[in-house]
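Inspection log for the structure reproduced underneath, given as structure tokens.
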Amino acid sequence: MDNLTKQGYTVFLPTLLVEKIQAGRKHESVEALFPRYLFIQLDNMISNWLPIRSTLGVASLVRFGNDYCRVPETIVSGLMQAEQIKKNFLEPSDAVKVTAGPFKGLEGIYQQADGTQRVLVLMQLFSKPQTISLPVTDVRPVAA
């Protein structure tokens, strides 16, 4: 990625924050959403594609036959927006509301991520506090 940036190309590598347990300890790491792939912005008429293939760290460009794969700008901008939201999404002790599933409409307190696709939320259920694992897509911050 750095080698392409040094050549003046605009690149984007979508990432996600992953919690892992190693040697009995939990730690967070940032990993590529699409391992071994990144997006590069090119103009068909102006950009020279040839130097990309010989750039250190680039294995190849995604192609279908003789045609290079073009990803619609709306998809890339959506990934960029999701990454920005993710950076500002939730902090422990934030109030959240469940928007789907069996707990829809209930509120709780965000605790932490539970892997890459789920979050732990502290909720009052049956008059007792319970920690529930929910899909991250089913939880939204409560408007302040």
Side-chain angles (χ1 to χ4, degrees), residues 1-123 125 129-144:
M1 187 164 136
D2 291 337
N3 293 327
L4 290 168
T5 304
K6 288 176 187 174
Q7 293 178 56
Y9 292 107
T10 302
V11 296
F12 171 58
L13 177 66
T15 61
L16 57 103
L17 186 64
V18 178
E19 289 186 355
K20 293 184 176 183
I21 297 178
Q22 289 183 336
R25 293 181 172 248
K26 184 171 33 172
H27 77 282
E28 295 179 340
S29 64
V30 177
E31 294 183 0
L33 182 59
F34 307 109
R36 298 181 43 89
Y37 292 88
L38 60 83
F39 296 94
I40 185 166
Q41 184 177 22
L42 297 171
D43 182 327
N44 286 338
M45 304 307 241
I46 300 170
S47 293
N48 185 356
W49 296 49
L50 295 177
I52 297 170
R53 294 186 303 166
S54 61
T55 299
L56 183 64
V58 175
S60 65
L61 297 171
V62 177
R63 296 188 332 180
F64 299 106
N66 292 329
D67 297 326
Y68 290 103
C69 180
R70 291 182 175 92
V71 179
E73 189 176 328
T74 54
I75 291 176
V76 177
S77 64
L79 287 168
M80 292 172 116
Q81 285 178 335
E83 187 142 309
Q84 189 60 37
I85 290 168
K86 178 177 59 180
K87 289 178 183 173
N88 301 321
F89 186 55
L90 293 170
E91 294 292 327
S93 79
D94 283 353
V96 294
K97 185 170 190 169
V98 181
T99 59
F103 300 105
K104 181 178 180 176
L106 298 178
E107 293 186 7
I109 305 296
Y110 172 76
Q111 300 295 297
Q112 66 185 34
D114 184 20
T116 59
Q117 302 294 320
R118 301 184 72 79
V119 293
L120 294 177
V121 177
L122 181 64
M123 302 174 75
L125 298 172
Q130 303 284 330
T131 301
I132 308 294
S133 178
L134 300 167
V136 69
T137 55
D138 292 358
V139 176
R140 296 285 179 264
V142 172

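For this chain, numbers begin at 1 and follow the sequence in order.
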For the residue pair Thr99 and Arg140, confirm or rule out a side-chain donor-acceptor distance under 3.5 Å.
-> no
Not counting sequence neighbours, which residues clear salt bridge (Lys or Arg N to Asp or Glu O under 4.0 Å) with Glu107? List them please.
-> none
Atom OG1 in Thr10, atom CD1 in Ile40: separation rounded to 0.5 Å?
-> 8.0 Å
Could you give the distance from CZ (Arg53) to OG (Ser60), rounded to the nearest 0.5 Å?
-> 10.0 Å
Going by heavy atoms in the side chains, are Val71 and Val62 under 4.5 Å from each other?
-> no
Evaluate whether atom OH of Tyr37 has more than 12 neighbouring non-hydrogen atoms of other residues, nucleotides or ligands under 6.0 angstrom away.
-> no
Is there side-chain contact between Ile109 and Gln111, with at least one heavy-atom pair below 4.5 Å?
-> yes
Roughly how far, to the nearest 0.5 Å, is OH of Tyr110 from CG of Leu134?
-> 11.5 Å
Is a side-chain donor-acceptor pair under 3.5 Å present for Thr55 with Gln7?
-> yes
Between atom CD1 of Ile132 and atom CG of Asp138, what is the distance when rounded to the nearest 0.5 Å?
-> 13.0 Å
Phe12: partners by ring pair (Phe, Tyr, Trp, His ring centres under 6.0 Å), with sequence neighbours left out = none
Counting distance only, does the side-chain N/O of Gln41 pair as donor-acceptor with the main-chain N or O of Phe39 below 3.5 Å?
-> no
Distance (rounded to the nearest 0.5 Å) between Gln112 CD and Leu122 CG = 11.5 Å
